[in-house]
Number of protein chains: 2
Amino acid sequence: MKTNNKEKIKKVALSLFGQKGYEETSLHDIASAVGIKKPSIYNHFAGKEDIFTAVLEDLLITETTAYGELKLRKDEPAENLKRLFDLFCSRLMNTEEALLWKRVTFFPPEPFKDLIEEKFFEFEETITGILHSIYEDAKDFSGMKHFTEPEFTAAFLCLVDGVFLEHHYYREDIFRQRMDASWKVFSFGLFK
Amino acid sequence: MKTNNKEKIKKVALSLFGQKGYEETSLHDIASAVGIKKPSIYNHFAGKEDIFTAVLEDLLITETTAYGELKLRKDEPAENLKRLFDLFCSRLMNTEEALLWKRVTFFPPEPFKDLIEEKFFEFEETITGILHSIYEDAKDFSGMKHFTEPEFTAAFLCLVDGVFLEHHYYREDIFRQRMDASWKVFSFGLFK
DNA sequence: CCTACCGATCGGTAGG
DNA sequence: CCTACCGATCGGTAGG
């Protein structure tokens, strides 16, 4: 049984950076959660910043893959948009990645400001790409009111950003009610 | 000319806590921005936590006052809702309080979790109260589609939460476009 | 309001 | 993978 402490460190760091933040998580915290002593971390990583970089890289791959696997159905824009919304909400509620992603996109630790901004726009392009396909279907679809693609995209991203933030504030049952109500008004606004 | 360093300390702390966060702001940072040495802070406050508590208290008073002064017009629900939305957006863009409020509601420093949660619900009640008056006007108003009050409230709060978050990500010109597009879809959803 | 100092904790290194 | 240690920085105190 190989222990593979390098993977363990990344896993623990993902969790602790998400819960407490980068600066508030010490290498001692990480090491003791893994079951080793602090200096042993340096066998696997060049330092604390190196751990963060590795964790963030894994996170982006995980997220991009998850959205890339979303199956869209031809000529079903309303259905497709709902699927994207549901995938977003479920990842938000069920993955450790979401917590760290929320933290670092909102309040990036100083040394990583540029890196995180870059990753943020990379991730947003993935979502924007999916929205583009859906819009292409929807613009000729009689069921949708007239919106430009930037309006369509902006309104959807604002909806998910609102949901994203509220997931942080409310208990799950209240959160679900709010999510449903917001979706209802949004889809009433978008579709005839 | 009285220097009034106690007020200076609060002002500087509001700004630094907002920009860098509570844990990442040192008493040395605060003191040197005020133009004094670190131990002199203890003439005005019992410690770092005491400064934070005082700043947060002032912040809540400022915000509650600002929303309390919002003038609503009888039987103009759509107009009133837009005013509330605009007040929210303008405070978001123009006050230092908004940055600190974003930070601490989203990722409260450990020692203040309970205090901040309490203040959060207190502030939300202020907004919910305003939305209640607007809904009372709107529910008999033929221009609004049928939504329950919880749906109405949830959808509005999700909209402003989305805007709140996006203000952080985008430059002002892009932010304004997104804000306008989101409001457009939202109001199409709410009103006939 | 200051200088001088405290114990604790941080990321990181030496050396095995 | 460990023990033992480093210089820097933290919040806070003594004493004037």
Side-chain angles (χ1 to χ4, degrees), chain A residues 1-57 100 103-104 107-116, chain B residues 1-57 100 103-104 107-116:
Chain A
M1 190 173 99
K2 186 113 176 298
T3 39
N4 204 349
N5 281 339
K6 181 157 187 172
E7 289 303 315
K8 264 193 194 170
I9 290 168
K10 284 201 285 186
K11 196 174 168 183
V12 160
L14 171 69
S15 172
L16 291 179
F17 287 158
Q19 284 166 48
K20 315 205 301 172
Y22 176 76
E23 309 283 4
E24 285 70 32
T25 301
S26 69
L27 292 179
H28 174 85
D29 293 335
I30 295 173
S32 68
V34 171
I36 57 178
K37 299 294 178 185
K38 185 181 65 167
S40 304
I41 290 177
Y42 290 82
N43 286 311
H44 303 290
F45 295 95
K48 194 182 180 185
E49 299 198 354
D50 189 32
I51 301 177
F52 184 84
T53 307
V55 166
L56 194 69
E57 216 149 90
L100 180 58
R103 219 185 241 279
V104 302
F107 292 108
E110 252 298 314
F112 304 105
K113 278 205 159 164
D114 292 346
L115 174 66
I116 289 166
Chain B
M1 187 174 102
K2 187 113 175 300
T3 38
N4 203 350
N5 282 339
K6 181 158 187 171
E7 288 304 313
K8 264 194 194 169
I9 291 168
K10 284 202 284 185
K11 197 176 168 183
V12 159
L14 171 69
S15 172
L16 291 178
F17 288 158
Q19 284 167 48
K20 316 203 304 170
Y22 175 76
E23 310 282 3
E24 285 71 32
T25 301
S26 68
L27 293 179
H28 174 85
D29 293 335
I30 294 173
S32 68
V34 171
I36 57 179
K37 299 294 178 184
K38 185 180 66 167
S40 304
I41 290 178
Y42 289 84
N43 287 311
H44 303 290
F45 295 94
K48 194 182 180 185
E49 299 199 355
D50 189 32
I51 301 177
F52 184 84
T53 307
V55 167
L56 194 69
E57 218 149 89
L100 180 57
R103 219 184 241 280
V104 302
F107 292 108
E110 250 300 312
F112 304 105
K113 277 206 158 165
D114 292 347
L115 174 66
I116 290 166

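To find a chain, count down the sequence lines: A is the first, B the second, and so on, and within it residues start at 1. Remember, it's a predicted structure, so these values are computed and weren't measured experimentally.
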Q: To the nearest Å, give me how far apart CG (A:Leu27) and P (C:dG12) are.
A: 6 Å

Q: Take atom CG of B:Asp29 and atom P of D:dC10, then tell me their distance rounded to the nearest Å.
A: 7 Å

(Q) Closest approach to the side chain of B:Ser40, judged atom by atom: which nucleotide of C:dC2, D:dC2, D:dG12 is it? (A) C:dC2

Q: Return the nearest nucleotide to the side chain of B:Lys37; candidates are C:dC10, C:dC2, D:dC2.
A: C:dC2

(Q) Looking only at the side chain of A:Ser26 (C-beta and beyond, no hydrogens), which of the listed nucleotides C:dC2, D:dC2, C:dG11 gets closest? (A) C:dG11

Q) Mind checking who C:dG16 pairs with, Watson-Crick or G-U wobble, both distances under 3.5 Å? A) D:dC1

Q) Hey, does the side chain of A:Lys48 come within less than 4.0 Å of C:dG11's phosphate (OP1/OP2), counting only N and O? A) yes

(Q) Without decimals, in angstroms, what is the distance between A:Asn43 CG and C:dG16 P? (A) 16 Å

**Q.** Smallest separation among heavy atoms of A:Phe45 and A:Ile9, with atom names
**A.** CE1-CG2, 3.6 Å

**Q.** Residue that, paired with A:Val104, satisfies side-chain contact (heavy atoms from CB on, under 4.5 Å) out of A:Phe17, A:Phe112, A:Phe52
**A.** A:Phe52

**Q.** Shortest non-hydrogen separation from B:Thr25 to B:Leu16 and the atoms involved
**A.** OG1-O, 3.3 Å

Q) In whole Å, what is the span from the NZ atom of B:Lys38 to the P atom of C:dC6? A) 13 Å

Q: Report the residue (B:Pro39 or A:Thr25) whose heavy-atom-nearest nucleotide on DNA chain C is the more 5′ of the two.
A: B:Pro39

Q: Using atom CD1 of A:Ile30 as one end and atom P of C:dG12 as the other, report the distance to the nearest whole Å.
A: 11 Å

Q) If you measure from OH on A:Tyr22 to NZ on A:Lys48, what distance do you get to the nearest 0.5 Å? A) 5.0 Å

Q | Whole-Å gap separating C1' (D:dC10) and CD (A:Glu23) | A | 13 Å

Q | Between C1' of D:dC10 and CG of B:Leu16, the distance in whole Å | A | 16 Å

Q: In sequence, state the C-alpha distance, the side-chain angles, and the governing distance for B:Ser26 and B:Asp29, and then conclude on side chain to side chain donor-acceptor pair (under 3.5 Å).
A: CA-CA 5 Å; B:Ser26 68; B:Asp29 293 335; 3.2 Å; yes

Q. What integer distance in Å separates B:Ile41:CD1 from D:dC10:C1'?
A. 13 Å

Q | Candidate nucleotides D:dT13, C:dT3, D:dC2, ranked by approach to the side chain of A:Ile36 - the nearest | A | D:dC2

